[in-house]
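Read through the structure below, which is laid out as structure tokens, and then see the notes.
One is the number of the first residue; the rest follow in order along the sequence.
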Amino acid sequence: MKTNYLLPNKYKTLGWILFIVGIISGIIFAFGGYETNLLNTKVLSIYDGLNITVDGKLSIFNIQKNSIIDELITIAIIIGGLIVGFSKEKVEDEFIYKLRKDSLVWAIIVNYAVLLFITLFIYDLAYFHVLVFNMFTPLIFFIIRFNFLKLKSRSDEE
């Protein structure tokens, strides 16, 4: 089965490293209160509210000082998750293709079911925290489901 959108299998290890380091760092960062002074640097901000300059012009682009730890953690989770989820298996056949497709559909459905439930029962700042985590749950659900089905199919063959 030809799948042009998949990365070569050799990238999977790099993906797992980025993904696991990102998840662990993200948990530590979240439980630490999202505040740190590590890696404070000047960054380009495309939108930080509507700012009016001294001469009365509207300014959308700004340079501001910000810790980039949260951005680096987010990038590690997203890129690592995409590499893990969309790297070829050593044997990439039609069965693996079906598992991948079914897992992706299942992950999206479960993700939005959970999001609907959360929307009904969680409010205020706690809801914002759930939305932050929800950026990653489709990838996490997909990776867990795909690898679970692969493992299950191997054990059924034996």
Fill in: Contact summary for A107 and P138, nearest pair of heavy atoms
CB-O, 3.7 Å
Worksheet entry | Nearest heavy-atom neighbours spanning S103 and L99 | OG-O, 2.7 Å
Please tabulate, one pair per line, all N/O donor-acceptor pairs under 3.5 Å involving side-chain atoms of residues 68-82, not counting sequence neighbours.
{"residue": "E71", "atom": "OE2", "partner": "N66", "partner atom": "ND2", "Å": "3.4"}
{"residue": "T74", "atom": "OG1", "partner": "D70", "partner atom": "O", "Å": "2.8"}

Fill in: Residue list, side-chain hydrogen bond (donor to acceptor under 3.5 Å, both in side chains) with R145, at least two apart or on another chain
none
Response to the item:
Taken in chain and number order and not counting sequence neighbours, the residues that satisfy side-chain hydrogen bond (donor to acceptor under 3.5 Å, both in side chains) with N147 are K150
Worksheet item: Taking NZ, NE, NH1 and NH2 as the nitrogens, is one of them in E92 or R100 under 4.0 Å from a carboxylate oxygen of the other?
Response: yes
Fill in: Those residues that, when tested against L116, pass side-chain contact (heavy atoms from CB on, under 4.5 Å) (two or more places apart)
none
Practice prompt. Using the test side-chain contact (heavy atoms from CB on, under 4.5 Å), find all partners of F128 that sit at least two apart in sequence or belong to another chain.
Written response: L125, V132
Discussion item. Is the shortest side-chain heavy-atom distance between L104 and F146 below 4.5 Å?
Written reply: no
Response to the item:
Taken to the nearest 0.5 Å, the spacing of K88 NZ from N9 CG works out to 9.5 Å
Discussion item. Please report the interatomic distance CG(L131) to CD1(I122), rounded to the nearest 0.5 Å.
Written reply: 9.5 Å
Worksheet item: Listed by chain and number, what are the ring-ring contact (aromatic ring centres under 6.0 Å, His included) partners of F117, not counting sequence neighbours?
Response: F121
Worksheet entry | Any residue meeting ring-ring contact (aromatic ring centres under 6.0 Å, His included) with F86, in chain and number order, not counting sequence neighbours | F142
Pair up each side-chain donor or acceptor in residues 10-19 with any protein partner under 3.5 Å, not counting sequence neighbours, and list the distances.
{"residue": "K12", "atom": "NZ", "partner": "V84", "partner atom": "O", "Å": "3.4"}
{"residue": "K12", "atom": "NZ", "partner": "E89", "partner atom": "OE2", "Å": "2.7"}

Practice prompt. Among residues two or more places apart or on two chains, list those pairs meeting side chain to side chain donor-acceptor pair (under 3.5 Å) that have a residue in residues 106-129.
Written response: Y34-H129, N111-N134, N111-T137, T119-Y127
Practice prompt. List the steps, then state whether side-chain contact (heavy atoms from CB on, under 4.5 Å) holds for S87 with L7.
Written response: CA-CA 4 Å; S87 289; L7 297 168; 3.9 Å; yes
Fill in: Side chain S67, main chain L38, donor-acceptor under 3.5 Å
yes
Practice prompt. Return the set of residues passing salt bridge (charged side-chain N to carboxylate O under 4.0 Å, His left out) with K101 (not counting sequence neighbours), or none when no residue passes.
Written response: none
